[in-house]
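We count ligands from 1, going down the list as the structure has it; atoms in each ligand are counted the same way.
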Amino acid sequence: MRITFITSNPGKLREAMAYLTPLGVEVQGLKFPYPEIQADTLEEVAAYGVEWLSERIDGPFFLDDSGLFIEALQGFPGVYSAYVFKTLGIDGILKLMEGVEDRRAYFKSVVAYWDGEVHIFTGTVHGRIGLERRGSGGFGFDPIFIPEGYGRTFAEMTTEEKNRISHRGRAFEAFSNWLRDKLKIG
Ligand code: ITT
(Lines give C-alpha, C1' and ligand atoms only; values in the text may rest on other atoms or scores of the structure.)
Protein backbone atom coordinates (compact mmCIF):
# COMPACT_ATOMS: atom_id res chain seq x y z
CA MET A 1 0.00 0.00 0.00
CA ARG A 2 1.17 3.52 -0.77
CA ILE A 3 0.65 6.41 1.65
CA THR A 4 1.65 10.03 1.19
CA PHE A 5 3.58 11.76 3.98
CA ILE A 6 3.02 15.52 3.86
CA THR A 7 6.22 17.08 5.14
CA SER A 8 8.90 19.60 4.27
CA ASN A 9 11.37 17.86 6.58
CA PRO A 10 13.67 15.29 4.92
CA GLY A 11 14.73 13.99 8.36
CA LYS A 12 11.16 13.04 9.23
CA LEU A 13 10.72 11.39 5.83
CA ARG A 14 13.88 9.32 6.29
CA GLU A 15 12.64 8.10 9.68
CA ALA A 16 9.17 7.30 8.34
CA MET A 17 10.63 5.29 5.46
CA ALA A 18 13.03 3.37 7.71
CA TYR A 19 10.12 2.50 9.95
CA LEU A 20 7.26 1.81 7.55
CA THR A 21 8.97 0.41 4.42
CA PRO A 22 9.91 -2.90 6.09
CA LEU A 23 6.22 -3.29 6.96
CA GLY A 24 5.29 -3.19 3.29
CA VAL A 25 4.04 0.40 3.31
CA GLU A 26 5.38 2.56 0.49
CA VAL A 27 5.85 6.07 1.87
CA GLN A 28 5.82 8.88 -0.64
CA GLY A 29 7.01 12.26 0.62
CA LEU A 30 5.17 15.34 -0.55
CA LYS A 31 6.01 18.92 0.29
CA PHE A 32 2.65 20.66 0.48
CA PRO A 33 2.64 23.62 2.88
CA TYR A 34 -0.40 23.64 5.15
CA PRO A 35 -1.53 26.10 7.82
CA GLU A 36 -0.14 25.35 11.28
CA ILE A 37 -2.61 27.11 13.56
CA GLN A 38 -1.65 28.64 16.89
CA ALA A 39 -2.98 26.22 19.47
CA ASP A 40 -2.02 24.85 22.86
CA THR A 41 -1.43 21.28 21.74
CA LEU A 42 0.27 19.44 18.89
CA GLU A 43 -2.89 17.36 18.51
CA GLU A 44 -4.97 20.44 17.64
CA VAL A 45 -2.35 21.68 15.15
CA ALA A 46 -2.16 18.25 13.49
CA ALA A 47 -5.92 17.69 13.34
CA TYR A 48 -6.52 21.10 11.76
CA GLY A 49 -3.75 20.48 9.21
CA VAL A 50 -5.21 17.12 8.22
CA GLU A 51 -8.75 18.47 7.80
CA TRP A 52 -7.40 21.31 5.63
CA LEU A 53 -5.29 18.96 3.51
CA SER A 54 -8.09 16.42 3.10
CA GLU A 55 -9.79 18.81 0.70
CA ARG A 56 -6.64 19.11 -1.40
CA ILE A 57 -4.89 15.72 -1.36
CA ASP A 58 -6.05 12.50 -3.01
CA GLY A 59 -5.71 9.16 -1.28
CA PRO A 60 -4.59 8.30 2.23
CA PHE A 61 -1.97 10.58 3.76
CA PHE A 62 -0.49 11.55 7.09
CA LEU A 63 1.49 14.35 8.65
CA ASP A 64 3.63 14.59 11.75
CA ASP A 65 3.58 17.54 14.09
CA SER A 66 6.22 17.39 16.75
CA GLY A 67 7.96 19.46 19.36
CA LEU A 68 10.57 19.66 22.08
CA PHE A 69 9.25 20.47 25.57
CA ILE A 70 11.80 21.70 28.11
CA GLU A 71 10.69 21.40 31.76
CA ALA A 72 12.71 24.34 33.12
CA LEU A 73 11.23 26.55 30.38
CA GLN A 74 7.63 25.50 31.18
CA GLY A 75 7.40 23.39 28.06
CA PHE A 76 8.96 25.91 25.66
CA PRO A 77 9.46 25.69 22.68
CA GLY A 78 6.68 23.04 22.50
CA VAL A 79 4.17 23.89 19.78
CA TYR A 80 6.53 26.66 18.62
CA SER A 81 9.47 24.30 18.02
CA ALA A 82 9.68 24.76 14.25
CA TYR A 83 9.69 28.54 14.55
CA VAL A 84 12.20 28.50 17.42
CA PHE A 85 14.45 26.09 15.56
CA LYS A 86 14.52 28.46 12.58
CA THR A 87 15.07 31.60 14.68
CA LEU A 88 16.92 30.87 17.96
CA GLY A 89 18.25 27.52 16.75
CA ILE A 90 20.22 25.08 18.86
CA ASP A 91 22.63 27.77 20.05
CA GLY A 92 19.71 29.87 21.27
CA ILE A 93 18.33 26.96 23.29
CA LEU A 94 21.76 26.25 24.78
CA LYS A 95 22.01 29.91 25.73
CA LEU A 96 18.58 29.86 27.41
CA MET A 97 19.71 26.76 29.34
CA GLU A 98 23.01 28.24 30.50
CA GLY A 99 23.39 27.69 34.26
CA VAL A 100 20.11 25.75 34.41
CA GLU A 101 20.52 22.59 36.45
CA ASP A 102 17.18 20.92 35.67
CA ARG A 103 17.76 19.86 32.06
CA ARG A 104 14.82 17.47 31.70
CA ALA A 105 12.97 17.64 28.41
CA TYR A 106 10.82 15.49 26.20
CA PHE A 107 10.00 15.18 22.54
CA LYS A 108 6.46 14.50 21.45
CA SER A 109 5.27 13.48 18.04
CA VAL A 110 1.70 13.48 16.79
CA VAL A 111 1.05 11.54 13.62
CA ALA A 112 -2.30 12.34 12.04
CA TYR A 113 -3.55 9.97 9.34
CA TRP A 114 -6.42 10.66 6.96
CA ASP A 115 -8.44 7.92 5.26
CA GLY A 116 -11.76 9.73 5.13
CA GLU A 117 -11.51 10.61 8.79
CA VAL A 118 -8.72 11.67 11.17
CA HIS A 119 -6.78 9.13 13.22
CA ILE A 120 -4.23 10.40 15.74
CA PHE A 121 -1.20 8.47 17.05
CA THR A 122 1.25 9.91 19.55
CA GLY A 123 4.66 9.09 20.95
CA THR A 124 6.86 10.65 23.62
CA VAL A 125 10.46 10.21 24.70
CA HIS A 126 11.92 11.68 27.86
CA GLY A 127 15.50 12.79 28.23
CA ARG A 128 17.64 15.80 28.89
CA ILE A 129 19.24 18.75 27.12
CA GLY A 130 23.00 18.31 26.79
CA LEU A 131 25.51 20.98 27.72
CA GLU A 132 26.81 21.20 24.17
CA ARG A 133 25.90 19.93 20.69
CA ARG A 134 27.12 16.45 19.82
CA GLY A 135 26.78 14.27 16.73
CA SER A 136 25.96 14.84 13.10
CA GLY A 137 23.09 12.43 12.47
CA GLY A 138 19.37 13.06 12.78
CA PHE A 139 17.99 16.56 12.36
CA GLY A 140 16.58 19.51 14.25
CA PHE A 141 17.33 19.50 17.97
CA ASP A 142 18.86 15.99 17.91
CA PRO A 143 22.44 17.14 18.69
CA ILE A 144 21.36 18.43 22.13
CA PHE A 145 18.82 15.75 23.14
CA ILE A 146 20.04 12.81 25.24
CA PRO A 147 17.30 10.21 25.76
CA GLU A 148 16.82 8.76 29.23
CA GLY A 149 19.09 5.79 29.92
CA TYR A 150 21.60 6.81 27.23
CA GLY A 151 24.85 8.77 27.25
CA ARG A 152 24.56 9.77 23.60
CA THR A 153 22.45 12.33 21.79
CA PHE A 154 19.96 11.35 19.09
CA ALA A 155 22.41 12.86 16.59
CA GLU A 156 24.97 10.25 17.66
CA MET A 157 22.61 7.39 16.76
CA THR A 158 21.65 5.72 13.50
CA THR A 159 18.12 6.26 12.17
CA GLU A 160 17.19 2.71 13.25
CA GLU A 161 18.53 3.22 16.74
CA LYS A 162 16.72 6.53 17.14
CA ASN A 163 13.48 5.05 15.76
CA ARG A 164 13.55 2.25 18.34
CA ILE A 165 13.25 4.72 21.21
CA SER A 166 12.11 8.03 19.79
CA HIS A 167 8.80 9.89 20.01
CA ARG A 168 8.32 9.45 16.25
CA GLY A 169 9.25 5.77 16.38
CA ARG A 170 6.63 5.25 19.09
CA ALA A 171 3.97 7.14 17.20
CA PHE A 172 4.78 5.11 14.05
CA GLU A 173 4.66 1.93 16.10
CA ALA A 174 1.10 2.76 17.17
CA PHE A 175 0.20 3.88 13.64
CA SER A 176 1.59 0.75 11.99
CA ASN A 177 -0.07 -1.59 14.51
CA TRP A 178 -3.36 0.08 13.77
CA LEU A 179 -2.77 -0.09 10.00
CA ARG A 180 -1.81 -3.74 10.18
CA ASP A 181 -5.00 -4.53 12.04
CA LYS A 182 -7.19 -2.46 9.79
CA LEU A 183 -5.73 -3.50 6.45
CA LYS A 184 -4.45 -6.94 7.39
CA ILE A 185 -1.00 -6.12 6.01
CA GLY A 186 2.58 -6.76 7.08
P1 ITT B 1 6.87 19.59 8.65
O2 ITT B 1 6.93 20.14 7.25
O3 ITT B 1 6.71 18.10 8.70
O4 ITT B 1 5.88 20.31 9.54
P5 ITT B 1 8.84 20.80 10.42
O6 ITT B 1 10.33 20.65 10.52
O7 ITT B 1 8.28 22.18 10.22
O8 ITT B 1 8.36 19.83 9.27
P9 ITT B 1 7.24 20.59 12.88
O10 ITT B 1 6.33 21.68 12.40
O11 ITT B 1 6.64 19.35 13.43
O12 ITT B 1 8.23 20.12 11.69
O13 ITT B 1 8.26 21.24 13.90
C14 ITT B 1 8.97 20.50 14.77
C15 ITT B 1 10.28 21.16 15.10
O16 ITT B 1 10.92 20.33 16.08
C17 ITT B 1 11.23 21.23 13.91
O18 ITT B 1 12.06 22.37 13.99
C19 ITT B 1 12.07 19.98 14.02
O20 ITT B 1 13.38 20.19 13.56
C21 ITT B 1 12.05 19.71 15.53
N22 ITT B 1 11.94 18.26 15.69
C23 ITT B 1 10.85 17.49 15.46
N24 ITT B 1 11.15 16.19 15.61
C25 ITT B 1 12.45 16.14 15.94
C26 ITT B 1 13.34 15.10 16.17
O27 ITT B 1 12.98 13.83 16.06
N28 ITT B 1 14.59 15.40 16.46
C29 ITT B 1 14.99 16.69 16.55
N30 ITT B 1 14.23 17.74 16.30
C31 ITT B 1 12.95 17.47 16.00
Engineer: Starting from atom 20 (O) of ligand 1, find the nearest protein heavy-atom neighbour and note its residue, name and distance.
Structural biologist: Gly140 CA, 3.3 Å
Engineer: Write out the residue and atom name of the closest protein heavy atom to atom 9 (P) of ligand 1, then the distance separating them to 0.1 Å.
Structural biologist: Lys12 NZ, 3.5 Å
Engineer: Is the ring pair Phe141/Phe107 parallel, tilted or perpendicular, if the boundaries are 30 and 60 degrees?
Structural biologist: tilted
Engineer: Is any N or O atom of Asp142, backbone or side chain, closer than 3.5 Å to an N or O atom of ligand 1?
Structural biologist: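 Checking ligand 1 against Asp142, an N or O pair does fall under 3.5 Å apart.
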Engineer: Could you identify the single nearest non-hydrogen protein atom to atom 14 (C) of ligand 1 and state the distance to 0.1 Å?
Structural biologist: Ser66 O, 3.1 Å
Engineer: Starting from atom 3 (O) of ligand 1, what is the nearest protein heavy atom, named by residue and atom, and what distance separates them?
Structural biologist: Thr7 OG1, 2.6 Å
Engineer: Does Ser109 reach the main-chain N or O of Gly123 with its side chain, forming a donor-acceptor pair under 3.5 Å?
Structural biologist: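 Not at all, since once roles are kept as given, no pair shorter than 3.5 Å links the two residues.
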Engineer: Out of Arg168, Lys108, Glu36, His167, who gets a non-hydrogen atom closest to atom 10 (O) of ligand 1?
Structural biologist: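 Looking at heavy atoms only, Glu36 sits closest to atom 10 (O) of ligand 1.
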Engineer: Which of the atoms in ligand 1, numbered in the order shown and given with their element, are less than 4.0 Å from a heavy-atom of Asn9?
Structural biologist: 6 (O), 8 (O)
Engineer: Under a 4.0 Å heavy-atom limit, does Lys162 contact ligand 1 with its side chain, its backbone, both, or neither?
Structural biologist: side chain
Engineer: Among all protein heavy atoms, pick the one closest to atom 13 (O) of ligand 1 and tell me residue, atom and distance.
Structural biologist: Ala82 CB, 3.3 Å
Engineer: Can you check which of Phe85, Phe154, Tyr34, Phe139 brings a heavy atom nearest to atom 22 (N) of ligand 1?
Structural biologist: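 Residue with the shortest heavy-atom distance to the ligand atom: Phe139.
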Engineer: Please report the shortest heavy-atom distance between Val79 and Ala39, naming the atom on each side.
Structural biologist: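 So the minimum-distance heavy-atom pair works out to CG2-O, 3.4 Å.
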Engineer: Which residue and non-hydrogen atom of the protein lie closest to atom 21 (C) of ligand 1, and at what distance in Å?
Structural biologist: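 For this ligand atom, the closest protein heavy atom is Phe141 CD1, 3.9 Å.
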Engineer: Heavy-atom contacts with Asp64 under 4.0 Å: which atoms of ligand 1 show up? List them by number with element.
Structural biologist: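 Those atoms are 3 (O), 11 (O).
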